[in-house]
Every structure is written in C-alpha cells, then in structure tokens.
Participant: 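Below is a structure I'd like to ask you about.
Note on naming: letters A, B, ... go to the chains in the order of the sequence lines (proteins, then strands), and numbering restarts at 1 for each one.
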There are 2 protein chains.
Amino acid sequence: MTAGQSARARVRAALTREILQAARDELAEVGPSALSLRSVARRLGMVPSALYRYFPSRDALLTALILEAYEGVGAAAQAAVEEAAGSPLERWRALCRAVRSWGHLHPQQWALIYGSPVPGYAAPEATVRAALRITDAVTGILRDAPGARPPEVVAPPAPFPDAVVEPIRQALLPGRDTATVTAAVLAWTSLVGMVSLELFGHYKGGSTDFEALFGYAMDLAGRAAGLS
Amino acid sequence: MTAGQSARARVRAALTREILQAARDELAEVGPSALSLRSVARRLGMVPSALYRYFPSRDALLTALILEAYEGVGAAAQAAVEEAAGSPLERWRALCRAVRSWGHLHPQQWALIYGSPVPGYAAPEATVRAALRITDAVTGILRDAPGARPPEVVAPPAPFPDAVVEPIRQALLPGRDTATVTAAVLAWTSLVGMVSLELFGHYKGGSTDFEALFGYAMDLAGRAAGLS
DNA sequence: GTCTATAACAAGATAGAC
DNA sequence: GTCTATCTTGTTATAGAC
C-alpha cells in the first residue's frame, strides 16, 4: 500500500493521520456535536481553511472518525476471535471481552457509533458497511461451527457469588435469590438495549418486522426471569 | 397540590411548564449538547436573563428535562403494568410495548437518558433516583409474583415467520435456520446493549462486580446461540 | 418581594475581504 | 493563509415595573 507513493502523498497521509489524532482528542473532550474544524485546526497550530484540503467538511471529518471507530471495534473483535484457541464458545467469550475493553479504552468513540445519533449529521453509506465488520466477526464464529444449533435446553452458565447483585437485590428485590435478580437485570438490559439500538438506527435493514423480533426477545427475557 | 397556592405561584408554575415545553422543542431540533438558554428564551419571546428566575443555569434546565424523561418512561411503564390484565408475563409484555412506543414518540428524550452522556454535564443525584422508577416497574412485576423463579428449562417463545430475519440471514448466515440467526442477533444485541449501558453509567452501584455479570450474560447469550 | 429588561463580559464561531 | 467585523454562547450586574 505504501510502496510506490510519492513523497507528497506520504506527507499528505501523515498529516491526515495527525488531523485525525487531533480530532479524536477533541472528540474526547467536547463530544461529537461540539466537534468543530476550527478547534481541531487550533490544536494543530493550523489555520482552519487549511484543513479543508484534507477534509471537505466537518461531516467528512466526523465520517472518518466513525469509520475509524467501527474499524477499531471490528478489528479488536476479529483479532480476539482469531487468537482465541478453543471452542466456539471460548472464541465468543474472547470476542465479548475484547469488545468491552475496547469500549473502556475508547468511550467517546464507542458513544460515537453506538450512542445517540449526532444531530444534523446524516451517516453516509460507507459507515453502514463499516458497521458490518463486528457483526461479521460475531457470525463468523457460528459459520466456523456449522453444526451449532440453538439447544432446546440452554445450560445455565456458571453462577457467580450472591454478593455481585447484592445492591440491586436490596434496592429492588429483597429476599429473592440471585438467579431471579440476575434474570431481572438481564431482562431490563434487553429491553433498554434493544429499544436503544432500534432508535439509534442499528437494526436498519436487518429485519423485515422488527416488532416481531422485539416481541420474541422480550418474551424470552421474561420467561427466563420466571414469568409465565 | 394546586389548592392553597397563591396566584403568583400558579403563574410561576405555568411559566415553568412553558419554558420546559420550549426546551423540549429545542431539544428535539438541535440535541442536548446544543441546547442553549438563549434559543429557549427566544422561542418564548423572553429575554435570556429572565429564565434565570426559573432555572439557575443551563445545566439545571437540562436536569429538569432529564427528570421529566425518566418520569415519562417510568410512568408509561408503570401505567402499562397496572392496566394490563392477566399473567405476570402479560404484564411484562405490556411494559415492554409501552416503553418501546414511548421511545418512538420521544426519541430525543430517550437519547437524553439512555444515549451518550452529554459532555460537560454532571448528572446530579436526583436523576439517579428518577432512573429507578422504570427498574422499579420491572421488578414490581416480579414482586407481585412471589412464586416466580427462573426455570431450569426456558420454554421458547412462539416462533415468527422465517422472513423476519431474512436480510440478516442472507448477509451473514446463509443457509442457517431462523432460530440460529435470531439467537445470533440477540447475542450481538446483548453485547452492545450491555457495554453501552455500562459505559453510559446505567449500572452504577447496581453490581459489585460488573465483569462477573457481563461474563454471565455473554455466556448465556452464546449458549443460546448453540455455542459450546 | 418578585419579576423582567437592558447592558455588559469573555469566549468562541462565522463570513468575507484581501 | 491572514485579518477583521459581526455573530452567538452562558452568565452576571443593575435598574425599573408591578
């Protein structure tokens, strides 16, 4: 990729990286909707209009950051799957850990892609494609395990100490056992998570009838908590 | 509540409501971080400094909007549970539907409470308490069903037509059955939903060891998709 | 006492001429 | 790429109306 580039092209690429780095810093400080080309330029000791040579608009800069973020989680997820030895379940666990710690390392970039949509910004098609990388990593685990099928009976994971959910138990479900409290937390998580992802546009084109999918997921979460 | 109030107090309350309404409109148009006291004042034909009689700062206005939003989802959830006749599972379903449609009606207010945190805004303790209303509605269903316990075997919900997940199947899991595709979608949803809620501060104080809870949930989602 | 309006401040953003 | 004139922001001090 780098070979054969002219000197000018290399300088340009380097400066582009510098601009993106400064933009990332700005993003972390003021958030996506306050990100301005000017402040990025100031940070670099450049004049605002010079940035327009590299990014034609604020939205283009934002798009670059979004692509970078999707690339980041996607790469982390994919690398985790590839490095993880062992069973498909082990690989899935590794993916989850990797994605979570990427989020902890880059909270603003996480918010950029999975948080509220930036007002006034219309995501170009390229971001939709970039978003596929992580879902591809997830489903890749399943593709590599062609025999895997959802079981009739899901084996419950290894339980954790009761103390883990103690604050919630005391506040909301006194006297209930840890399994019940945990299932309630997960049900609430599914509900909020699913509505958020829907409203923030992450199921676009994924389902022909999101309501059916939503109903199914909520039913499952409710039954898992012991409701009938 | 209204009785016994002086005329002045009533006027004050009315104007406070008007300001909040204008702020809500502004929020819907420009988003939380671009919400400005001046534009709210302009919308009302008032002068900016006059607003300070009602809200001591921009952040106070934002806090009021956040409280209102939590109150809104919470009330919708609670009302749905109370109105729904039938089994605990029916009441849970009603709650989910109510929460989702509240989100569809008020996407900006949803983003305000469950989306990215507003940069530079520190949530006061009152918002934490207000957030409890919806979790209380969720757990209330369980408290009213004291016998409910997570089953060893979760009865799968009624399936939906294969066409519902057709786009995802074609893009990511060609040839797999609907149950597998659905479980994969739900696993991805759990992952992103859980990390988002954690990073956005919604598990604060809920668990002593979030990592254990996260591992448990991801394990469950993976197993449900047939991984082992 | 309670309110609103005027004016001002330091930031920062924006537009355009050069 | 530079400079300037004009805009907006949150916030406060002050003065006057009811």
Participant: Output the rounded distance in Å from CZ (F55(B)) to C1' (dT11(D)).
Facilitator: 17 Å
Participant: Going 5' to 3' along DNA chain C, which nucleotides are the first and last within contact of chain B (any atom under 4.0 Å from a heavy atom)?
Facilitator: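 Extent of the interface on DNA chain C: dT2(C) to dA8(C).
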Participant: Report the end-to-end axis angle of the helix from dG1(C)-dC18(D) to dC18(C)-dG1(D); each axis comes from five terminal pairs, and the value is rounded to 10°.
Facilitator: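 Comparing the axis at each end, I get an angle of 20°.
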Participant: Students often get this wrong, so: under 4.0 angstrom with heavy atoms, is S36(B) touching a base, only sugar-phosphate, or nothing?
Facilitator: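 Result for S36(B) = sugar-phosphate.
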Participant: Can you tell me how far CG of L173(B) sits from CD1 of I168(B), rounded to the nearest 0.5 angstrom?
Facilitator: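 Spacing of CD1 (I168(B)) from CG (L173(B)) equals 9.0 Å.
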Participant: What's the OH-P distance between Y52(B) and dA13(D), to the nearest Å?
Facilitator: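 Result: 12 Å.
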Participant: Which part of the nucleic acid, if any, lies within contact of L35(B), taking any heavy atom under 4.0 Å across all strands shown: a base, the sugar-phosphate backbone alone, or nothing?
Facilitator: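 Since only primed, P, OP1 and OP2 atoms lie under 4.0 Å of L35(B), the category is sugar-phosphate.
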Participant: Please report, rounded to the nearest Å, how far the C1' atom of dT11(D) is from the CZ atom of R58(B).
Facilitator: 13 Å
Participant: For a quick check under 3.5 Å, do R97(B) and S101(B) share a side-chain donor-acceptor pair by atom type?
Facilitator: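 Absent: no donor and acceptor within the cut-off.
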Participant: On the 0 to 90° scale, with breaks at 30° and 60°, tag the Y216(B)-F160(A) ring pair as parallel, tilted or perpendicular.
Facilitator: perpendicular
Participant: Does R58(B) reach the main-chain N or O of R38(B) with its side chain, forming a donor-acceptor pair under 3.5 Å?
Facilitator: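 Flag not set: sc R58(B) to bb R38(B) has no pair under 3.5 Å.
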Participant: Aromatic rings W188(A) and Y114(B): how do their planes relate, parallel, tilted or perpendicular, breaks at 30° and 60°?
Facilitator: perpendicular
Participant: Quick one: label S57(B) by what it contacts on the DNA or RNA (base, sugar-phosphate, nothing), any heavy atom closer than 4.0 Å.
Facilitator: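 Touches sugar-phosphate only.
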Participant: Indicate the ring-plane relationship of Y70(A) and H202(A), choosing parallel, tilted or perpendicular according to the 30° and 60° boundaries.
Facilitator: perpendicular
Participant: In whole Å, what is the span from the CG atom of L61(B) to the P atom of dT9(D)?
Facilitator: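 Taking CG of L61(B) and P of dT9(D), I get 14 Å after rounding.
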Participant: Between D59(B) and V47(A), which has a closest nucleotide on DNA chain D that is more 5'?
Facilitator: V47(A)
Participant: Taking the nucleotide of DNA chain D with the closest heavy atom to each, which residue, R42(B) or P56(B), is nearer the 5' end?
Facilitator: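 Its nearest nucleotide lies further toward 5', so the answer is R42(B).
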Participant: Using heavy-atom distances to pick each residue's nearest nucleotide on DNA chain C, tell me which of P48(B) and R12(B) is more 5'.
Facilitator: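 Whichever sits nearer the 5' end wins; that is R12(B).
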Participant: Between L95(A) and A77(A), which heavy-atom pair has the shortest distance, and what is it?
Facilitator: CG-CB, 3.9 Å
Participant: What's the spacing between E29(B) CD and R43(B) CZ if we round to 0.5 Å?
Facilitator: 4.5 Å
Participant: Between Y121(B) and S33(B), does any side-chain donor sit less than 3.5 Å from a side-chain acceptor?
Facilitator: no
Participant: When we call it a touch if two heavy atoms are under 4.0 Å apart, what does L15(B) touch: a base, just sugar-phosphate, or nothing?
Facilitator: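 Touches sugar-phosphate only.
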Participant: Tell me the interatomic distance from R38(A), atom CZ, to dT6(D), atom P, rounded to whole angstroms.
Facilitator: 16 Å
